[in-house]
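Notes follow once the structure below has been shown.
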2 protein chains.
Amino acid sequence: MTVSSEFDRYPKTGRFLAGRLRSEMSEAEKTELEGLVVDTITLRDGARAIARGDACNWSAILIDGFVLRTLENGGRRYAVSFHVPGDFVDLHCFALRRLDHNIDCVGEATFGRVPHDAIARVMEQRPHLARLFWFATLLDAAMHREWIMKLEQSTVPKRIAHVFAEIWRRLEMVGQAFPDGFQTPLRQSEIAEMCGATAIHTNRALADLRRNDLADFRRGEVRIRDRARLEDYAGFRPDYLYGEGSLALRRAG
Amino acid sequence: MTVSSEFDRYPKTGRFLAGRLRSEMSEAEKTELEGLVVDTITLRDGARAIARGDACNWSAILIDGFVLRTLENGGRRYAVSFHVPGDFVDLHCFALRRLDHNIDCVGEATFGRVPHDAIARVMEQRPHLARLFWFATLLDAAMHREWIMKLEQSTVPKRIAHVFAEIWRRLEMVGQAFPDGFQTPLRQSEIAEMCGATAIHTNRALADLRRNDLADFRRGEVRIRDRARLEDYAGFRPDYLYGEGSLALRRAG
DNA sequence: CGTCACCTTGATCTGCCTCAAAAACCGTGG
DNA sequence: CCACGGTTTTTGAGGCAGATCAAGGTGACG
């Protein structure tokens with residue numbers, strides 16, 4: 001089942017868990033999920049889709065575009081994670097009731113809206129799908145953890161390399177990558193926000209990466225010649241993304 | 001319902017969600033949860049309770065002690081979060097199947113073990129309790145996000161202050177804090193691992209905090225005179241901990 | 001009372017920040 | 001097609017937080 005054929009049949013949710021546990025979803029579950037989306041909404045670049053403290057009675061799945069999960073403190077914005085199409089960006093909100101962070105669009109982004117009572121119905125009537133929903137939110141936590149380690153460990157050029165490696169893999173899983181890189185609406189200032197660096201230093205770090213032929217970022221496009229070299233440089237091990245086949249089992253406890 | 005009376009009646013799980021949504025749990029749910037724990041296990045200081053890549057068919061709730069959630073890379077260990085009694089430390093494992101990180105004991109720690117088929121039963125028969133389980137794992141994600149922001153934003157002394165502020169609050173929620181601070185088995189080297197700093201620099205930063213009368217850490221004990229000052233210095237806003245009453249609603253979307 | 005683990009101190013070096021400015025790019029309207 | 005203003009990227013110089021290397025202390029415990 002390719003990503004694109006799934007997307008033809010389920011235009012709003014066909015990328016959900018693509019490359020991960022989507023293979024575990026029955027057609028009935030896929031249909032159910034597609035039916036949960038009551039409407040779609042498209043927001044422009046820079047728009048704040050959801051703000052910290054909002055109480056929502058619906059959750060949003062990202063259908064198209066790129067968003068940042070951000071926190072603000074002392075007047076500055078910090079990106080704590082990002083999302084690609086197929087990600088159920090604030091499924092959290094169902095269990096948390098109110099969000100602790102913002103969802104900001106980078107470039108134009110289209111969301112599908114799912115009312116919370118529909119999710120509650122899934123919890124009651126479809127435990128397997130509920131478990132997949134849970135899984136999807138835990139994926140975010142796993143990515144957060146990797147990011148914490150990355151921030152604790154590496155210099156800015158390596159952090160950027162790691163971001164690039166992760167974006168590339170995740171876009172690939174949902175069928176939106178090129179063989180030699182990917183497109184992205186991110187600006188340097190936003191990469192800086194993701195890496196805990198200033199835009200100026202990020203610019204110099206990007207120049208380093210270019211000079212060392214690790215990654216070539218320029219306005220909206222990232223080109224990478226040698227994936228293994230980039231991932232090695234970044235200390236990127238994709239298993240935390242829980243792609244199919246990764247993080248191989250070691251033993252049953 | 002005080003933490004201690006709950007703990008008398010539910011000696012293994014009485015601190016679960018204490019200070020958060022425990023008030024939402026019915027007695028039947030509390031009893032059900034207590035019954036999920038089939039046995040307990042006590043590990044010594046430094047023991048690795050769960051290792052990355054392990055496939056588990058059970059999850060662990062921390063009954064007593066302090067643990068770190070860690071990742072390793074390039075031979076070094078990085079702490080990405082910590083847990084206090086009452087935390088269902090690897091509930092994740094139920095939905096993720098295999099863990100992306102380690103759980104390491106700091107000091108002696110006692111866990112209750114819950115088989116996954118028991119959790120599956122909860123998913124099917126007790127949607128409300130299942131939702132609380134989900135909530136508990138999302139709490140971890142919210143704390144991760146705050147940590148990412150902290151790492152992106154602050155200097156080491158502020159990070160340490162933030163760790164102290166968070167530990168204190170969380171211990172308080174489960175009834176294990178003092179009015180003027182808390183006890184902790186953490187060593188300076190472990191605080192360093194939590195803050196993405198070297199032990200040496202952490203030592204100097206701790207000296208700073210002491211000199212400025214913000215926090216006095218010494219072997220196993222942290223004393224804080226002026227909580228507001230510490231929290232203010234750290235930029236600590238406790239709402240992300242989702243304690244009762246915090247992160248007030250702004251509007252219904 | 002010696003050993004081991006942990007904490008403390010000193011000196012040097014580097015990654016990244018800040019302030020300041022210029023150059024390239026992009027959409028718009030004439 | 002070019003002139004224009006705003007946004008994004010690039011470059012330069014100086015300073016500080018934190019890393020690294022290298023020793024000393026200090027306390028707990030056999």
Side-chain angles (χ1 to χ4, degrees), chain A residues 44-46 66 68 74-79 105-108 150-163 183-212 215-223 233-235, chain B residues 44-46 73-78 105-108 150-163 183-212 215-223 233-235:
Chain A
R44 69 182 189 294
D45 176 49
F66 193 95
L68 290 178
R76 235 177 102 180
R77 186 176 80 157
Y78 300 88
C105 302
V106 182
E108 202 176 271
K150 236 49 221 166
L151 289 168
E152 289 177 344
Q153 178 189 38
S154 1
T155 60
V156 170
K158 290 192 185 200
R159 293 180 199 172
I160 296 172
H162 195 276
V163 173
Q183 281 189 295
T184 171
L186 285 171
R187 276 148 284 219
Q188 294 193 359
S189 60
E190 284 146 351
I191 295 173
E193 286 174 333
M194 300 172 86
C195 293
T198 55
I200 294 172
H201 189 65
T202 298
N203 176 270
R204 293 190 233 257
L206 284 168
D208 280 0
L209 293 177
R210 203 175 295 138
R211 187 165 344 101
N212 296 119
D216 188 351
F217 171 93
R218 52 190 39 163
R219 290 204 189 238
E221 198 157 322
V222 177
R223 238 157 241 294
Y233 173 75
Chain B
R44 68 182 190 295
D45 176 49
N73 204 332
R76 234 178 103 180
R77 185 175 81 156
Y78 299 87
C105 302
V106 181
E108 202 175 88
K150 236 49 220 166
L151 289 168
E152 289 177 346
Q153 179 189 38
S154 4
T155 61
V156 170
K158 289 190 186 200
R159 293 181 198 171
I160 295 172
H162 196 276
V163 174
Q183 281 190 295
T184 170
L186 286 170
R187 276 149 283 218
Q188 295 193 358
S189 60
E190 285 146 349
I191 295 173
E193 286 175 332
M194 300 172 86
C195 294
T198 56
I200 294 172
H201 189 65
T202 298
N203 175 270
R204 292 190 235 257
L206 283 168
D208 279 1
L209 293 177
R210 203 174 296 138
R211 187 165 342 103
N212 297 118
D216 188 351
F217 170 93
R218 52 189 41 163
R219 292 206 185 236
E221 198 157 323
V222 177
R223 237 158 242 295
Y233 173 75

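Within every chain, numbering begins at 1; the chains are lettered A, B, ... in the order of the sequence lines, protein sequences first and strands thereafter.
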Walk me through it: do A:K150 and B:N73 pass the test side-chain contact (heavy atoms from CB on, under 4.5 Å)? CA-CA 9 Å; A:K150 236 49 221 166; B:N73 204 332; 3.5 Å; yes

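- The separation between A:R219 atom CZ and C:dC25 atom P is 7 Å, rounded to whole Å.
- Minimum atom distance to the side chain of A:F217 is reached by D:dT9, of the listed D:dT20, D:dG18, D:dT9.
- A straight line from CD of B:E190 to C1' of C:dA5 spans 12 Å, rounded to a whole angstrom.
- Taking atom CZ on B:R211 and atom C1' on C:dT8, their separation rounds to 12 Å, with Å as the unit.
- Of the side-chain N and O atoms in A:R210, one or more sit less than 4.0 angstrom from OP1 or OP2 of D:dT10.
- Checking C:dG15, D:dT10, C:dC26 against the side-chain heavy atoms of A:T155 singles out C:dG15 as nearest.
- Contact annotation: A:Q188 side-chain N/O to D:dT7 OP1/OP2 distance is not under 4.0 Å.
- Distance A:E152 CD to D:dG18 P: 14 Å, rounded to the nearest Å.
- The nearest pair of heavy atoms linking B:V106 to B:P185 is O-CG, 3.2 Å.
- Put simply, NE2 on B:H201 is 16 Å from P on C:dG10, counting in whole angstrom units.
- In this structure, CG of B:L206 is placed 17 Å from P of D:dA17, rounded to the nearest angstrom.
- We find that CD1 of A:I200 is positioned 15 Å from P of D:dT8, with the value rounded to whole Å.
- Between the side chain of B:R204 and the base of C:dG10, at least one donor-acceptor pair of N or O atoms lies under 3.5 Å.
- For A:T198 and C:dC16, the shortest distance from a side-chain N or O to OP1 or OP2 is not below 4.0 Å.
- Atom-to-atom, NZ of A:K158 to P of C:dG15 comes out at 11 Å; the value is rounded to the nearest Å.
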